[in-house]
Amino acid sequence: MLDIRLIRDNPGLMKERLATRGGELLAAMVDEVLALDGHRRTAETDLQKLQADRNRISKEIGLAKKQGQDTSAIEAEVRGIGDRIEQIGRDAEALDVKQRDLLLSIPNLPHDACPVGDSAEQNPEVRIWSQKPAFDFPVKDHVALGAQHGLFDFEAGAKITGSAFVVYRGQGAKLERALINFLLDLHSTHHGYMEVSPPLLVKSDCLVGTTQLPKFGDQVYHATEDDLYLIPTAEVPVTNLHREEIVKLEQLPIRYAAYTPCFRREAGAAGLGTRGLIRMHQFDKVELVKITTPESSIDELEKLTRDAEKSLQILGLHYRVIELCTGDIGFGSAKTYDIEVWAPGQNSYLEVSSCSNFGDYQARRMNLRYKDEKGKNRFCHTINGSGTALARLYVALLETYQRADGSIEIPAALVPYFGADRIG
RNA sequence: GGUGAGGUGGCUGAGUGGUCGAAAGCGACGGUUUGCUAAAUCGUUGUAGGAUGUAAAGUCUUACCGAGGGUUCGAAUCCCUCCCUCACCGCCA
């Protein structure tokens with residue numbers, strides 16, 4: 001959520017910066033929120049004047065009654081004020097809700113350091129790690145490799161749940177577990193993140209905090225009976241761990257690493273358009289989350305991205321890092337790096353991590369603050385990124401380490417977790 | 001799920017429907033005293049809005065005592081609903 005005061009003071013600049021995201025609607029939304037803000041404040045001022053009157057007169061009634069005077073005339077007068085308070089109060093409340101709703105659906109300002117561009121084609125490549133692996137035999141994709149070794153079973157997933165759900169089996173299930181443990185150990189033991197294991201169901205407030213609601217509600221599974229939502233990413237429960245808190249300056253930066261399954265409806269992506277494990281309704285992910293001061297968030301995003309990259313480096317996978325331009329960054333993000341791992345069987349790069357600095361956008365929505373050196377409460381900055389998404393990492397791993405006979409080599413770092421150095 | 005007890009400021013803990021944003025204590029911060037520490041003593045000490053102000057400061061004002069409704073001229077205090085915590089019972093991985 002943007003600061004209404006910034007918008008009030010600098011509407012032109014706000015519109016200009018939002019315009020780099022593309023879409024003509026944003027300028028109109030800024031105008032609308034400004035108009036609402038004016039009306040809201042007028043209503044609020046009127047309301048407060050009446051409340052002040054009522055408070056004053058009610059006190060007088062109290063005093064008069066103590067002296068045994070008759071107060072029925074004044075009481076009737078105050079009753080009239082009460083009615084007006086109720087009316088104007090309702091208006092003010094309605095305007096306030098409207099303003100907040102509108103503010104919630106205006107995206108974040110791109111950071112000054114975010115490259116300007118219209119679409120994904122203009123995303124600059126930041127760096128690239130190692131080279132594409134070369135094969136002297138025809139490569140198979142992970143679906144074929146999985147079938148050969150019985151690693152996972154799409155039919156079984158479809159039978160018990162539906163399409164785009166999968167059952168991992170045998171060594172396939174164990175490889176998944178090995179990757180989870182490897183990633184968690186890497187980030188907790190070696191990169192200093194605190195491991196957390198959060199609930200997979202959350203309240204709607206949490207989704208508002210991390211921006212999935214109100215705009216993207218059709219992407220999350222909703223357990224209506226209890227009004228709880230299945231998390232689409234660990235970002236949601238973990239960032240919200242500190243919602244409505246004032247954390248101490250010494251605690252920052254707070255760093256968490258969490259493994260969770262993630263649930264996404266992928267509504268609108270008819271048929272999902274992909275084969276195999278690349279886009280599922282449920283997938284595993286190890287997520288990194290940071291809560292920082294405004295001064296350090298840019299730097300902490302760089303570090304978090306490097307921490308995520310490290311997992312691919314250790315596993316010996318080829319990848320590239322691209323930076324998203326203003327036309328392509330997510331709704332709440334001010335600056336984002338995507339990490340894309342090479343998958344030989346797809347002959348393409350797969351996004352395995354998206355590392356974003358949200359500035360104070362999420363913190364303002366969830367009222368997450370810290371006390372600065374002067375004892376003043378300020379909004380924190382929040383950062384998160386996958387470290388990394390498991391299913392696609394799994395795809396890259398199988399396809400990169402396949403041999404001519406279809407057997408799969410396990411990278412050395414994973415052997416202790418997997419308990420063998422090959423599949424097949 | 002049932003019964004009972006609770007939810008008040010950073011913490012502990014008072015609060016008869018009417019100057020209660022809230023006693024007291026602790027803590028924290030500042031001053032005085034003091035050879036240092038300690039002690040003593042005085043003072044300050046919530047948050048978010050609105051109005052005024054070029055801005056800061058200041059001044060005025062509103063809301064907030066788990067959440068949301070209600071009664072009343074007036075609610076921390078009375079009523080209703082919900083949530084959470086604790087204890088016991090029931091059920092259960």
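If you're wondering where the values come from, they're calculated on a predicted model, not measured in any experiment. So that the names make sense, note that chain A is the first sequence line, chain B the second, and so on, each numbered from 1.
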Does this structure show an ion pair linking A:Arg264 with A:Glu266, if we count only N-O contacts that are shorter than 4.0 Å?
no
Between B:U72 atom P and A:Lys65 atom NZ, what is the distance in whole Å?
13 Å
How would nucleotides 47-71 of chain B be written as a contact map, 5' to 3', with B for base contact, S for sugar-phosphate-only contact and - for no contact, using protein heavy atoms under 4.0 Å?
SSBBS---------SSS--------
At under 4.0 Å between heavy atoms, what does A:Ile61 touch on the DNA or RNA strands: base, sugar-phosphate, or nothing?
base
Distance in angstrom units between A:Ile57 CD1 and B:C73 P, rounded:
13 Å
Nearest-angstrom distance, C1' atom, B:G69 to B:U12
32 Å
Run the salt bridge (Lys or Arg N to Asp or Glu O under 4.0 Å) check on A:Glu295 and A:Arg378 step by step: do they pass?
CA-CA 12 Å; A:Glu295 291 74 23; A:Arg378 298 171 68 197; 3.2 Å; yes
If we take the P atom in both B:G46 and B:A5, what is their distance in whole Å?
35 Å
State plainly whether the residues A:Arg90 and A:Glu86 are in salt-bridge range, i.e. N to O under 4.0 Å.
yes
Just list the side-chain donor-acceptor pairs under 3.5 Å for residues 9-21 of chain A, sequence neighbours left out, or say none.
{"residue": "A:Lys15", "atom": "NZ", "partner": "A:Asp31", "partner atom": "OD1", "Å": "2.8"}
{"residue": "A:Lys15", "atom": "NZ", "partner": "A:Asp31", "partner atom": "OD2", "Å": "3.4"}
{"residue": "A:Arg17", "atom": "NH2", "partner": "A:Pro110", "partner atom": "O", "Å": "2.8"}
{"residue": "A:Thr20", "atom": "OG1", "partner": "A:Arg17", "partner atom": "O", "Å": "2.7"}
{"residue": "A:Arg21", "atom": "NE", "partner": "A:Asn108", "partner atom": "O", "Å": "2.7"}
{"residue": "A:Arg21", "atom": "NH1", "partner": "A:Ile329", "partner atom": "O", "Å": "3.4"}
{"residue": "A:Arg21", "atom": "NH1", "partner": "A:Gly330", "partner atom": "O", "Å": "3.1"}
{"residue": "A:Arg21", "atom": "NH2", "partner": "A:Asn108", "partner atom": "O", "Å": "3.1"}
{"residue": "A:Arg21", "atom": "NH2", "partner": "A:Gly330", "partner atom": "O", "Å": "3.0"}
{"residue": "A:Arg21", "atom": "NH2", "partner": "A:Phe331", "partner atom": "O", "Å": "3.2"}
{"residue": "A:Arg21", "atom": "NH2", "partner": "A:Ser333", "partner atom": "O", "Å": "2.9"}

Between B:G4 and B:A24, how far apart are the P atoms? Round to whole Å, please.
36 Å
Who are the salt bridge (charged side-chain N to carboxylate O under 4.0 Å, His left out) partners of A:Asp284, not counting sequence neighbours?
none
For B:G21 and B:U47, measure between their C1' atoms and round to the nearest Å.
11 Å
Under a 4.0 Å threshold between the charged nitrogen and the carboxylate oxygen, would A:Asp96 count as salt-bridged to A:Arg100?
no
Go through RNA chain B and write down every stem, that is, every run of at least three consecutive Watson-Crick or G-U wobble pairs with distances under 3.5 Å, as range with range.
B:1-7 with B:83-89, B:10-12 with B:24-26, B:27-32 with B:40-45, B:46-52 with B:58-64, B:66-70 with B:78-82
On RNA chain B, nearest-nucleotide positions of A:Gly82 versus A:Lys203: which is more 5'?
A:Gly82
Please state the P separation for the pair B:U62 and B:G9 - nearest whole angstrom.
22 Å
Could you tell me how the ring of A:His187 sits relative to the ring of A:His191: parallel (under 30°), tilted (30 to 60°) or perpendicular (over 60°)?
tilted
When the C1' atoms of B:U77 and B:U71 are considered, how many whole Å apart are they?
13 Å
In whole Å, what separates the C1' atom of B:C26 from that of B:C88?
34 Å
Contacts of A:Lys98 that satisfy salt bridge (charged side-chain N to carboxylate O under 4.0 Å, His left out) - sequence neighbours left out
none
Take atom P in B:G68 and the same atom in B:U16, then report the distance between them in whole Å.
24 Å
Spacing of A:Asp227 atom CG relative to B:C82 atom P, expressed in whole Å:
16 Å
Sequence-distant partners of A:Lys310, salt bridge (charged side-chain N to carboxylate O under 4.0 Å, His left out), two or more places apart
none
